[in-house]
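Below, all heavy atoms of this structure are taken into account, side chains as well, without hydrogens, waters or symmetry copies. Count residues from 1 along the sequence.
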Amino acid sequence: MVRRMVAALVLFAAMGLGASARTWTPEKWFDKPKSPRIANYRIDAVLDFEHKTLEATETLSWRNTGTAPTQELPLHLYLNAFKGPQSLFVKESGGRLRNDRQDRPSESTSWGYCRLISARMDGRDLQGHTGEDETVHWLKLPRPVAPGETIQVEIAWENRYPKVFARSGWAEDFLMSGQWFPKVGVYQGDRWNCHAYHASTEYFADFGVYDVSLSLPNALGLAHTGTQTNFVTEIEQDPKRPLNVIWRLHAEDVHDFAWAVMPRESWRKPAMVEYRGVQVFYYINDRNRGNFQRQRRAVENALRWSEEWYFKYPYPTLTVIDTPREAAGADGMEYPTLITAGSVAFDPLQQRFEPEVVATHEYGHQFFYGMLASNEFEEPWLDEGITSWFTHKAMERSYHSLLGGRRFQVPTDFLEWQGYWSLPSADPLTRFGFRTLNLHSYFASVYDKSTVALNQLEAMLGRPVMEQVMRAYAQEMAFHHPTRQDFRRIAERVSGRDLSAFWRDFVEGTEVLDYAIRGVKVREVTQGGWLFSDKAPVFAAPQPAAPGRVGSITLERRGGIQVPITLWVRLENRDEQRLVWDGQDRWITYEFDSPVAAAVLDPDGNYPMLKDRLHASYTPRSVKRGFYYWSQMVWGAVAGWLQGCGIG
């Protein structure tokens, strides 16, 4: 019965839900390669689910696209980050990452590894040595590999999966297999780029074609990168293991491959919905099934906006895993054509963080990391930052706010704004991810500052031009390794603007944009005192004189960024003025022939990165305004929560 259900499911998926003609097959996605296909993998693996181990072999086909020969080949062995407390990853993270932590480090089952058994080329065994730590292994090749030459390396290895607390591993009956195979570094020019696995970095790899064979216990459901090429008519049993079945998987023009297993009915029969020509498979956590439509709506919104803003998602399939709560460390992750995006069981207020923000963000990585494969070790803001900005824009277009009602709104970039101002000056965006001050600074700069900085760039260029910039960047850099220089070059070309000041202040710098109204004064104009004449001096009692009362306002630049900023003032005589201060000095005072009734710095919103809007505005009725202002805020919050519960 199980065999028939699986066969029917795969046949159904292969046929598709729509009646329109399909241009791809599970074995061949594209008529022409979309990427250089530098690193190609053929992997055969067997999973021992009971003991959480895996034995595997791979044939790596690698082409030297550099400018010089190389006689070394570095391999990432990412799972060795969890081999013991001596790894860089554990020392830097302290066994914690995001909101999860390592469980029971005194037990062997909490740890894992990737053990290289053998490597051969041209029929010869290859020797090697570890790199900065055991997450990188350098192979010594038997001969130099010339530019343009392709080699094949036969590799055998075994994995032991750790108890998951960071991306890969197991928890109860769930196993996430991410960064699970020996993966070659990136050869650029005459040198290799192959960093060790740090706590504050992710990944960097070349595009290629993957053909993966997995032998799994037949009780497991499998979620995976790519498409399945067998089971079309019947289950393929493993002839060496009667209780196992073989899954054959294929992916093209991707730079990574991941999969997960779980012995659940919802995993053996995942929900499949075709949207805009993409077969989207949802692996639902049963306890969250009530919110499945919210997750689906978020994914489909993201597919729509990415197609309209950048280009159509080119892969035939997308897998969405609703990660179990006990495997929270594996949640919120991105792999080519596969994302982990947890949902919630009960959320009457619909705060739109889970599943909407998480699903939208992880899908955004299909572009910024997946197809625009920037170096996440050295320039993490190009994937995490731009993806966070995409998430903010997509959420704004789809939902308008993270939480809100008729009287209360939490904007979709609120978390990024809050995160940036919690630690704004520790690191520039150009800092390597593993060299930031700490994990707090990593998130504040890479995710949060990038988002508000891109908001600032949009304010400078205007939304139509910013949309053109992002579209050109996405289309020109797809299936390449873009750098920040590429982004700047394209932005300047499309906008016709010199962005050196923006780059200096917001990308390479750590100063903040902080202007405030320091003080407002009112002075009575009087005349009198001793008056001189031809006769003896005469005293006249001081009395009011024209214009009567005058005012002044003092502005202060508290941050290091110097930009021209507009001051709008309304005087008591109903006169309105707009003044522009160049911000070169630390303060300036303007005087007027009437008291100031109201004032606002940056009234046009030209600087989204301005720190303190509260102190960038003024009204003389501060006490009364404060009472009404905060009462409206409190009542608006209460009303928003009540409306989220369906009351009011």
Side-chain angles (χ1 to χ4, degrees), residues 78 81-82 85-102 131-133 135-136 165-167 193-204 329 332-333 361 365 368-369 374-389 391-392 413-457 483-485 487-488 502-514 557-562 608-612:
Y78 283 109
F82 311 103
Q86 69 276 9
S87 76
L88 285 173
F89 188 96
V90 175
K91 285 191 291 186
E92 292 172 355
S93 68
R96 296 172 178 263
L97 194 68
R98 299 175 183 174
N99 296 319
D100 206 0
R101 60 177 297 174
Q102 188 179 31
E132 190 176 359
D133 79 345
T135 58
V136 175
F165 80 93
R167 304 185 178 115
N193 193 299
C194 191
H195 293 287
Y197 195 9
H198 294 266
S200 295
T201 58
E202 296 188 52
Y203 317 108
F204 185 43
M333 275 303 298
H361 182 92
H365 277 302
F368 306 107
Y369 145 85
S374 55
N375 190 333
E376 293 186 277
F377 291 98
E378 299 179 1
E379 296 186 298
W381 75 277
L382 288 178
D383 68 287
E384 292 293 357
I386 296 180
T387 298
S388 295
W389 188 75
T391 304
H392 151 55
D413 60 349
F414 173 75
L415 296 176
E416 286 75 21
W417 181 87
Q418 180 187 52
Y420 167 56
W421 286 112
S422 70
L423 189 64
S425 300
D427 292 294
L429 295 185
T430 53
R431 186 88 72 200
F432 282 16
F434 53 88
R435 292 178 181 167
T436 56
L437 176 64
N438 49 37
L439 282 172
H440 181 191
S441 181
Y442 174 79
F443 285 102
S445 60
V446 170
Y447 290 75
D448 304 327
K449 181 179 180 179
S450 303
T451 301
V452 294
L454 288 169
N455 281 342
Q456 180 62 55
L457 181 61
T483 66
R484 64 178 181 273
Q485 287 80 12
F487 184 85
R488 178 177 176 179
F502 171 84
W503 219 253
R504 178 197 66 225
D505 291 338
F506 302 112
V507 177
E508 298 172 344
T510 57
E511 297 292 344
V512 298
L513 182 60
D514 188 5
R557 178 174 58 82
R558 297 175 176 174
I561 294 179
Q562 302 174 13
M609 294 190 76
L610 186 62
K611 179 181 181 181
D612 193 345

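Of the inter-residue distances, the one linking K611 atom NZ with W417 atom CH2 reads 9.0 Å to the nearest 0.5 angstrom. The distance from atom CD of E384 to atom OG of S450, rounded to the nearest 0.5 Å, is 9.5 Å. Note that CG of N438 is 12.0 Å distant from CD of E92, once rounded to the nearest 0.5 Å. One distance of note links CZ of F204 with CD of E379; it measures 9.0 Å at 0.5 Å rounding. Taken to the nearest 0.5 Å, the OG1 atom of T510 stands 10.5 Å off from the CG atom of L429. The structure places CH2 of W381 at 5.5 Å from CD1 of I386, a figure rounded to the nearest 0.5 Å.
T201 places no side-chain N or O within donor-acceptor distance of the main-chain N or O of F377, the cut-off being under 3.5 Å. No donor-acceptor pair under 3.5 Å is formed between the side chain of N455 and the backbone N or O of P608. Here the side chain of E202 pairs no donor or acceptor atom with the backbone of E376 at under 3.5 angstrom.
Among all heavy-atom pairs drawn from D133 and A196, the shortest one is OD1-CB, 3.6 Å. For the residue pair L88 and H198, the shortest heavy atom distance occurs at CD1-CE1, 3.8 Å. Nearest approach of R435 to D427, heavy atoms of both residues: O-OD1, 4.3 Å. Taking each heavy atom of S374 and L382 in turn, the nearest pair found is OG-CB, 3.7 Å. Here the shortest heavy-atom pairing between L439 and R96 reads CD1-O, 4.4 Å. Of all heavy-atom pairs between T436 and S445, the closest is CG2-OG, 4.5 Å.
Y442 and F434 have their aromatic ring centers separated by at least 6.0 angstrom. The distance between the ring centers of F89 and Y78 does not fall below 6.0 angstrom.
Here the side chains of L437 and R431 are not in contact, with every heavy-atom distance at 4.5 Å or above. Looking at R98 and F443, their side chains come closer than 4.5 Å, going by heavy atoms from C-beta outward. Contact annotation: the side chain of N375 approaches that of N193 to within less than 4.5 Å [non-hydrogen atoms, C-beta and beyond]. Proximity of I561 to F506: side-chain heavy atoms (C-beta onward) are separated by under 4.5 Å at one or more points. Contact of the P428 side chain with the V507 side chain is not registered, since no non-hydrogen atoms from C-beta on lie closer than 4.5 Å. The side-chain heavy atoms of L415 and Y447, taken from C-beta on, include no pair separated by under 4.5 Å. Taking 4.5 Å as the limit, every side-chain heavy atom of Y369 sits out of range of all side-chain heavy atoms of T387. Within the 4.5 Å cutoff, the side chain of Q562 has no heavy atoms near those of the E511 side chain.
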Worked check of side chain to side chain contact (heavy atoms under 4.5 Å, CB included) between Y420 and K449: CA-CA 5 Å; Y420 167 56; K449 181 179 180 179; 3.6 Å; yes
Show your working on side chain to side chain donor-acceptor pair (under 3.5 Å) between Y197 and Y203 and close with a plain yes or no. CA-CA 8 Å; Y197 195 9; Y203 317 108; 3.0 Å; yes
May I have the step-by-step check of side chain to side chain contact (heavy atoms under 4.5 Å, CB included) for S93 and Q102, ending in yes or no? CA-CA 10 Å; S93 68; Q102 188 179 31; over 6 Å; no
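More than 12 heavy atoms of other residues, nucleotides or ligands shown are found within 6.0 angstrom of CZ on R558. Residue-environment remark: CZ (R484) exceeds the threshold of 12 foreign heavy atoms within 6.0 Å.
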